Enquirer: 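Below: one structure in structure tokens.
Bear in mind that the values here come from a model prediction, so they are computed numbers and not experimental data. In what follows, residues are counted from 1 in the order of the sequence shown.
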Amino acid sequence: MQIKKAGFLTKIVILTLLIAATVSLLRLRTQIQEAQVELEDKRLQVAQQTQVNADLRDAVDHSGDPARQADIARNELGLSGPGEKVIIFTD
């Protein structure tokens with residue numbers, strides 16, 4: 001049984017295929033890394049929006065609470081109750 005050596009053209013074709021496969025793998029790795037960064041960014045956005053939703057749900061659930069209404073009137077609207085004095089500190 002005789003083994004025939006690969007010709008020059010065969011070697012060039014194999015080398016070209018190896019280079020193409022390597023370039024393709026490097027592109028895929030870059031795409032995977034970009035997708036992982038984007039996934040982490042989306043997870044962060046979901047966590048932030050979940051917190052915003054929880055805050056809004058809490059505000060709606062306790063919107064009729066008189067203490068909460070008084071707190072909003074004082075802190076957000078600058079109002080005061082009878083006999084109270086408002087002192088505002090500035091930098």
Enquirer: Rounded to the nearest 0.5 Å, how far apart are CG of D58 and CG of N53?
Expert: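 Going from CG on D58 over to CG on N53, the span is 12.5 Å.
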Enquirer: When rounded to the nearest 0.5 angstrom, what is the spacing between CG in L39 and CD1 in I32?
Expert: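 It is 12.5 Å, given to the nearest 0.5 Å.
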Enquirer: Run the salt bridge (charged side-chain N to carboxylate O under 4.0 Å, His left out) test on D61 and R68 for me, step by step, so that the C-alpha distance in whole Å, both residues' side-chain angles and the decisive distance to 0.1 Å come before the verdict.
Expert: CA-CA 11 Å; D61 290 344; R68 187 177 185 98; over 6 Å; no
Enquirer: Are Q51 and Q48 close enough that some pair of their side-chain heavy atoms sits under 4.5 Å apart?
Expert: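 Result no, sub-4.5 Å side-chain heavy-atom pair not found.
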Enquirer: Decide yes or no for Q49 and V52: does some side-chain heavy atom of the first lie under 4.5 Å from some side-chain heavy atom of the second?
Expert: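 A side-chain contact under 4.5 Å exists here.
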Enquirer: Find the distance between CD (E38) and CD (Q45) and round it off to the nearest 0.5 Å.
Expert: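 So the gap between those two atoms works out to 9.0 Å.
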Enquirer: Counting only N and O atoms by type, is there a donor-acceptor contact under 3.5 Å from the side chain of S24 to the main-chain atoms of A21?
Expert: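 Here the side-chain-to-backbone pair does not exist.
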Enquirer: Is there a continuous path of hydrophobic side-chain contacts, each under 4.5 Å between heavy atoms, that joins V23 to L15?
Expert: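 Same hydrophobic cluster.
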Enquirer: Does any N or O in the side chain of E84 come within less than 3.5 Å of the main-chain N or O of G81, such that one atom is a donor and the other an acceptor?
Expert: yes
Enquirer: Let me confirm one number: the CG-OG1 distance from L17 to T22, rounded to the nearest 0.5 Å.
Expert: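 If I round to the nearest 0.5 Å, the distance is 10.5 Å.
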Enquirer: Using a 4.5 Å cut-off on heavy atoms from C-beta on, say whether the side chain of E34 contacts that of T30.
Expert: yes
Enquirer: Can you sort out the partners of V37 under side-chain contact (heavy atoms from CB on, under 4.5 Å), two or more places apart, ordered by chain and number?
Expert: none
Enquirer: Could you list the cluster mates of F8? Members are the ILVMFWY residues connected by side-chain heavy atoms closer than 4.5 Å, either directly or through other members.
Expert: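 So far as hydrophobic clustering goes, F8 is joined with I12.
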Enquirer: Does Q31 reach the side chain of L28, with side-chain heavy atoms less than 4.5 Å apart?
Expert: yes
